[in-house]
Peer 1: 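Please read through the structure below; I'll follow up with questions.
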There are 2 protein chains.
Amino acid sequence: MDVIPKENIQQASEGLRAIAHEVRLSVLCHLMAGPMCVNDLIKATGASQSNLSQHLAKMRMMGIISNEKRGQQVYYRIANPEFLELVHVLKHIYCPEACLPADGEA
Amino acid sequence: MDVIPKENIQQASEGLRAIAHEVRLSVLCHLMAGPMCVNDLIKATGASQSNLSQHLAKMRMMGIISNEKRGQQVYYRIANPEFLELVHVLKHIYCPEACLPADGEA
DNA sequence: TGCTAATATAAGCAAGTTCTAATCTAGAAT
DNA sequence: ATTCTAGATTAGAACTTGCTTATATTAGCA
């Protein structure tokens, strides 16, 4: 059925690559619950400061997350609701209930 | 909110990586419409025979697709309905209506 | 003003991915 | 038997990613 536009495939695979990494996916999962500052993300993900910062930069440049300075901390949030949807589906697929305690808690 | 199991993150990111490539994603998109043989997938994706075969092998080993010999051809199909769901969401996100002609046509 | 905490950036190496070209296998057809 | 077709496998080069270490930036504070 109608050929799938090559450009869309390209963009979609690029988007997937942007979240197809343990640290980055972990960040997104944590950000689902609301904005967090870098230091908390370091603790949450277990990545090193520099490493996490680089992963954040990558997702920032892809428009997946955005940041905002509040006092001494920089807070990150999910900027693109579509990625939130994607992570939701992933959670649904890969998390055996445990991850979805109430199913509604923005 | 409750810590996300590291193992799940790991599996999810591995699953994402398995489809985060133009050729592999293209294959999955085409297989959504039903099984196809390798030769048709070569034409559909534009990849070389060897290259496509390698991508198919990777997804086969991840349990995403399965194959079946019919006469001289080997037919591939999506073996894991969860990945079908994932691709659906991707299409929804990245394809501007054009890709979803009727929305129901297994 | 100089220090410290919080984060970003840069450089370089190690590891992983993807592609091409060549070879291999199995079944059909001649 | 040989040849053809469909597809898989292997090897290695080229490219990409990810990590570590070191350095830069910037705001608040003493």
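Note on naming: letters A, B, ... go to the chains in the order of the sequence lines (proteins, then strands), and numbering restarts at 1 for each one.
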Peer 1: Can you list the residues that meet the salt bridge (charged side-chain N to carboxylate O under 4.0 Å, His left out) rule with Arg77(A), with sequence neighbours excluded?
Peer 2: Glu68(A)
Peer 1: Please give, in whole Å, the distance from dT5(D) P to Asp40(B) CG?
Peer 2: 16 Å
Peer 1: Looking at residues at least two apart in the chain, or sitting in another chain, which of them share a salt bridge (charged side-chain N to carboxylate O under 4.0 Å, His left out) with Lys43(A)?
Peer 2: Asp40(A)
Peer 1: Which whole-number value in Å describes the distance from Gln73(B) CD to dT5(D) P?
Peer 2: 13 Å
Peer 1: Would you indicate, yes or no, if dG7(D) has its OP1 or OP2 atom less than 4.0 angstrom from a side-chain nitrogen or oxygen of Tyr75(B)?
Peer 2: no
Peer 1: Please name all residues satisfying side chain to side chain donor-acceptor pair (under 3.5 Å) with Ser13(A), sequence neighbours left out, ordered by chain then number.
Peer 2: Arg17(A)
Peer 1: Return the set of residues passing side-chain contact (heavy atoms from CB on, under 4.5 Å) with Gln72(A) (not counting sequence neighbours), or none when no residue passes.
Peer 2: none
Peer 1: Side chains of Val38(A) and Gln73(A), heavy atoms from C-beta outward: is any pair under 4.5 Å?
Peer 2: no
Peer 1: Please, which pairs that meet ring pair (Phe, Tyr, Trp, His ring centres under 6.0 Å) have at least one residue in residues 57-81 of chain A, sequence neighbours excluded?
Peer 2: none
Peer 1: Need two values: the first and the last nucleotide of DNA chain C, 5' to 3', having an atom under 4.0 Å from any heavy-atom of chain B.
Peer 2: dT18(C) to dA28(C)
Peer 1: Side-chain donor-acceptor pairs under 3.5 Å in residues 45-52 of chain A, sequence neighbours left out?
Peer 2:
from	atom 1	to	atom 2	distance (Å)
Thr45(A)	OG1	Leu41(A)	O	2.8
Thr45(A)	OG1	Ala47(A)	N	3.2
Ser48(A)	OG	Asn51(A)	N	3.1
Ser50(A)	OG	Gln54(A)	NE2	3.2
Asn51(A)	ND2	His55(A)	NE2	3.4

Peer 1: Going by the ring pair (Phe, Tyr, Trp, His ring centres under 6.0 Å) test, which pairs reach into residues 34-54 of chain A, not counting sequence neighbours?
Peer 2: none
Peer 1: How would you summarise protein contacts on nucleotides 15-30 of chain D per nucleotide, using B for base, S for sugar-phosphate only and - for none, with heavy-atom distances below 4.0 Å?
Peer 2: ---SBBBB--------
